[in-house]
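Everything below concerns the one structure shown next.
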Amino acid sequence: MKGWSVTSLGEPEQVLELRDLVVPEPGPRQVLVRVRASAANFPDVLMCRGLYQIKPELPFTPGAELCGDVEAVGSEVTRHTVGDRVLGLCSLPHGGFAEFALMDEHTTYAAPASLDDAQSAALFIGYQTGWFGLHRRARIQPGETLLVHAAAGGVGSAAVQLGKAAGARVIGVVGGEAKARYARELGADVVVDRHTEDFVDVVKRETGGRGADVVYDPVGGEVYDRSTKCIAFEGRIVVVGFAGGTMQQAALNHALVKNYSILGLHWGLYNVKDLPAAAACQAELTRLADSGLIAPFVSERFPLDDTASALQRLADGRTVGRVVLDVRS
C-alpha cells in the first residue's frame with residue numbers, strides 16, 4: 001500500500017516521505033480499515049516535530065482520525081464486521097495518512113449516513129473534545145454566553161456548532177477577516193477579529209458587562225489571562241490546550257475573588273477511564289449530525305500525494321475549518 005512515514009523529526013514537509021508500506025495485520029481487538037478519508041489535526045503536526053505527549057517510534061504513519069471501510073477484524077472483535085463504514089481513532093504507528101490503517105475496536109464507531117466521508121472523518125476528536133468540554137465539564141445551559149477562542153480552527157469550530165446546538169449565544173474569536181467569515185458561516189452570533197478588536201471589550205459590551213458564562217480556550221497564554229477579565233460570576237473557563245505556545249499560570253486568588261471555575265479537559269482520558277461516556281458522546285454526536293445541527297466544515301480536500309504540503313499549511317496556521325485527506329480522489 002501507499003502511505004506516508006515520518007522518518008525523522010521536524011516540520012511535516014521536511015520529514016514526511018511517501019512510501020510503499022506493508023499492509024498491517026490487526027491485533028485481537030483491532031480492525032484493519034481501508035481508508036476513505038483522514039482528517040488532519042494539529043497533534044499530527046506536533047508528532048512530526050516530536051513535541052506531542054505521544055511519541056511513536058520512528059518511522060510511523062501519522063493521521064489520528066479517519067473514515068473508512070472495515071477490511072478485516074481481529075479475533076476478539078465483536079462490534080464491527082467486514083464492510084462496515086466506520087470512523088474513529090487510529091492506532092499508531094499505523095495512522096490514517098495511508099491507504100490502510102489500524103483502529104482499536106473501542107475507539108471505532110459507525111459513521112453517520114448523513115455525513116460524507118470527509119465530514120465523518122472529522123467528527124471524532126474535535127467534536128468529542130467539544131462535547132465533553134461544554135457538557136461534561138462546563139455543564140453549559142441554554143441561554144448562556146459561550147466565548148470560543150480560535151473559533152475558525154478544528155477544535156474551536158466544533159465548539160461553535162456544539163454551543164449553538166446547546167442553545168447558547170456564541171461569541172467566536174478569530175484572527176483575520178477570512179477566518180471571521182468562516183466563523184459566521186458556522187453560526188457564531190458575534191465574531192471578533194482579534195487583529196482589530198479587543199475580545200474583552202466586545203464580551204462586556206455584548207453581555208451588558210456581565211461577561212461570558214463559559215470560555216472555551218484551546219490557545220492558552222495571554223488569551224487565557226485576558227479571558228479572566230471577561231468571565232461572568234460563576235463562569236467556567238475550559239482549558240483545552242496551549243496552541244498559542246505559552247502555558248499560563250492560573251492566578252487562583254483571582255478565581256476566588258471573581259468566583260469562577262477553571263476546568264481542565266484531557267479528552268483522551270475518557271477513552272481510557274470512561275469508555276461508556278465516550279460511546280454515549282459519539283452516539284449523541286451522531287444524533288446531532290443526523291438532525292442537521294452539526295456538520296464538520298471541510299474547507300479543503302487533498303489527495304494522498306499532497307499530504308505533506310497540506311499538513312504543513314495546517315502547521316503554519318494557513319487553514320480554516322477542517323483539512324481532510326481524500327484517499328479515493
For [X] and [Y], which I'm curious about, is there any donor-acceptor pair between the side chains at under 3.5 Å?
X    : Y    : value
T81  : D84  : yes
E206 : T145 : no
S120 : R85  : yes

Candidate pair D20 and K2, rule side chain to side chain contact (heavy atoms under 4.5 Å, CB included), full reasoning: CA-CA 5 Å; D20 288 321; K2 291 176 66 177; 4.1 Å; yes
Identify whether the distance between the nearest side-chain nitrogen and carboxylate oxygen of [X] and [Y] falls below 4.0 Å.
X    : Y    : value
E144 : R236 : yes
D198 : R226 : yes
D326 : R301 : no
E76  : R29  : yes
K179 : D193 : no

Looking at P62, P59, P12, which hits side chain to side chain contact (heavy atoms under 4.5 Å, CB included) with V6? P62
Apply the side chain to side chain contact (heavy atoms under 4.5 Å, CB included) test between L134 and each candidate in I140, T129, L265; give the one that qualifies. I140
Treating K258 as the side-chain partner and T228 as the backbone partner, does any N or O pair qualify as donor plus acceptor under 3.5 Å? yes
Using the side-chain hydrogen bond (donor to acceptor under 3.5 Å, both in side chains) criterion, which residues pair with E11? Sequence neighbours excluded. R49, Q312
Between the NZ atom in K55 and the CG atom in L46, the distance rounded to the nearest 0.5 Å is 9.5 Å
Fellow cluster residues of L102, listed by chain then number, with links counted only when side-chain atoms sit under 4.5 Å apart: M1, L21, V23, L32, F100
Linking Ile, Leu, Val, Met, Phe, Trp and Tyr by side-chain heavy atoms under 4.5 Å, what else ends up with V298? V324
Give a yes or no on whether the ring-centroid distance for F124 and W267 is below 6.0 angstrom. yes
